[in-house]
Amino acid sequence: MLSVRSLSIDFGSGPARVQAVKDISFSIAPGETLALVGESGSGKSVTGLALTRLLQEPPAVYSGGEILFEGRNVLKMSPAELRRLRGGKIAYVFQEPSTSLNPVFTVRSQIAEALSLHRPEVSDIDAEVARCLDLVGIVDPSKRMHDYPHQLSGGMQQRVMIAMALACHPQLLVADEPTTALDVTVQAQILDQMRLIKQQIKMAMLLITHNFGIIGGIADRVAVMFRGAIVEHGSTAEVLHNPQHPYTKALIGCIPQLGQRRRRLTTIDYSTLG
Amino acid sequence: MFSYLLRRLLFFVPIVAGVMLLTFALFFMVQSPKAMAHRVLGPKATPKAVELWLHNRGYDKPLLINQIPDQPWHDSLFISQMRRLATFDLGRSDVTGRPLSEVFRQGALPSLLLTVPAFLAGLAMSVGLALYLVFIRNAAADLFASLLCVALMSVPVMVYVIFGQYLVAQVFNYFPAFGFQLNGWSTAKFLFLPIALMIVSGLGADVRLFRALFLEELGQDYIRTARAKGVSSAVVLLRHVLKNGLINLITLVVASLPFLIMGSLLLENFFGIPGLGNVLFTAIQMPDFAVVQASVFLGSLLYLGGLLLTDLCYAWADPRIRLH
């Protein structure tokens, strides 16, 4: 369904030009979940945004490769085609729910905006918004949808973001650090919810995270990104239990584990990674 | 909400009293009432005439507090004037003797005829232009417009006035540059230049400010969310950016509303428009303390009213703000 082939992305121009993404390739099949793991600045968020050309151009430059979605190159789409793709076929959930929702519009009007763009055939907006909110586990949705974002807790806000993303039945959900801004218990609830929803509706997912700890139960495959390149790629079980690349080994060594006392967490020695 | 309003309105009293005390002190620090009488009546006035002038207007009383034995302490110039103003009795002009409520009513119309169209057109133009510049941001035209704005705001208003009068009245002979009458079409024709000048002199600064405001909104996370939903650039600007930017804009705009009534001191003077700005300007020159005092009184009330209105608008536009 989605296939990224030797994609390179640069930022800036002239001598200040930096290559943020270097010749990466991966693909996602319908219904499949791929986790893109890496540290801050490794290029994983840039990759996620690039899938529907959401990066600000300039400074971003797509310097090579192609992004094929259902056989068509996203990088060659017209603005109108891109708008149909965004939200309609590929939807996003971002890291910081408190700033990602527009503070001056109600939850209802923000979800309704997505519906009006991609599912104009929906006539009973209120019922559809309530259904979306119910799907992500919001109690009393027909009342909550008239709230403004600041009236909701962080976990509720992220549920609203997910509801908004799912409202238009996308084929691919790009979840960019969806639980990083939330505390650990809420994080677990949100991940459970996402797993549940994925079982209910057949939707592929690109899960972008720096945390190996959360991908175990949710991702089918893992791609590890380091300095803009994918350094390791394989099934989740394979990568978690038998990591090949020294960076992956080091990253997995960073996860604290229950029941192991007084073991020092590993650090990453960048000088050996080249 | 009601208690909030009441509390804010009660605060008006000490603030206005303080402003009035300051105006009073500053005015009479520069000249005594006697010197004022001499300036109004001319150098040849007899001491008797001066005394009579002072007595008729109450200026023979002690200035702040009456310390003369056997007289009540509050029988002073300042306190008696404050008691009069507290009932919204503006009094009469020291020089012409005309009731000031009438003077202000007459002056308000020309002032508003100048400032309201200039304000509305200026606001629409600067918001529209700023939105357009944000839409084409980083293009060459955006850079050029920014430079033009800096140029516009760098030129002193006086240059606009003199150049504008020369160009329109002398070169094109479009209308007399001076002399205002309330007379339908010719008034509109006459006001065209001062209104245009008022817009142009404020445009540069406003466009730059609004553009910066909108650009800041554009970098917010929720704008990225909107784009990720498939919202077009134009709708992002007109819906998401404008509504959020509006909240910041309100503070700037509503607080400036009272100044519309007070008129433009400079432009009214240069174009001979008999508005409130002109009334105040001549009163300071004369000097006519009654007019200065009444102008400051009304001006500070209007200003406070504007600030209160700003806060009310804030609460109306931004759901995160509650007044209590």
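Throughout, a chain's letter reflects where its sequence line sits, starting with A, and its residues are numbered from 1.
Of all residues in residues 151-167 of chain A, those placing a non-hydrogen atom less than 4.5 angstrom from a non-hydrogen atom of chain B are A:Met161, A:Met164. Among the residues in residues 129-149 of chain A, those with a non-hydrogen atom closer than 4.5 angstrom to a non-hydrogen atom of chain B are A:Tyr148.
For B:Tyr303, the OH atom counts as loosely surrounded, since its 6.0 Å shell holds 12 or fewer non-hydrogen atoms of other residues, nucleotides or ligands. Counting heavy-atom neighbours within 6.0 Å of A:Met77 CE, excluding the residue itself, gives a total above 12. Within a 6.0 Å sphere centred on OH of B:Tyr132, other residues, nucleotides and ligands contribute 12 heavy atoms or fewer. In the displayed structure, A:Glu70 atom CD is contacted under 6.0 Å by more than 12 heavy atoms of other residues, nucleotides or ligands.
With respect to chain B, the highest number of heavy-atom pairs below 4.5 Å among A:Gly87, A:Ser116, A:Pro103 belongs to A:Pro103. The residue among B:Arg227, B:Gln220, B:Lys243 with the most heavy atom pairs within less than 4.5 Å of chain A is B:Arg227.
Looking at B:Lys229, its side chain does come within 3.5 Å of a backbone N or O of A:Gln110 through a donor-acceptor pair.
Residues A:Leu54 and B:Ala228 share a closest heavy-atom pair of CD1-CB, 3.6 Å. Between B:Pro319 and A:His150 the shortest heavy-atom distance is O-CE1, 3.4 Å. Closest approach of A:Arg83 to B:Val231, counting heavy atoms only: CD-C, 4.0 Å.
B:Arg239 forms a cation-pi arrangement with A:Phe105, by the criterion of a distance under 6.0 Å to the ring centre and an angle within 45° of the ring axis.
With a 4.5 Å cut-off on non-hydrogen atoms, B:Ile223 does not touch chain A at all. Looking at A:Leu49, the atoms closer than 4.5 Å to chain B (heavy atoms on both sides) all sit in the side chain, from C-beta outward. Both the backbone and the side chain of A:Ser100 come within less than 4.5 Å of a heavy atom in chain B. In this structure, no portion of A:Ser98 lies under 4.5 Å from any heavy atom of chain B.
For the atom pair OH of A:Tyr92 and OG1 of B:Thr225, the computed distance is 11.5 Å after rounding to the nearest 0.5 Å. The CG atom of A:Asn102 lies 8.5 Å from the CD atom of B:Glu217; values are rounded to the nearest 0.5 Å.
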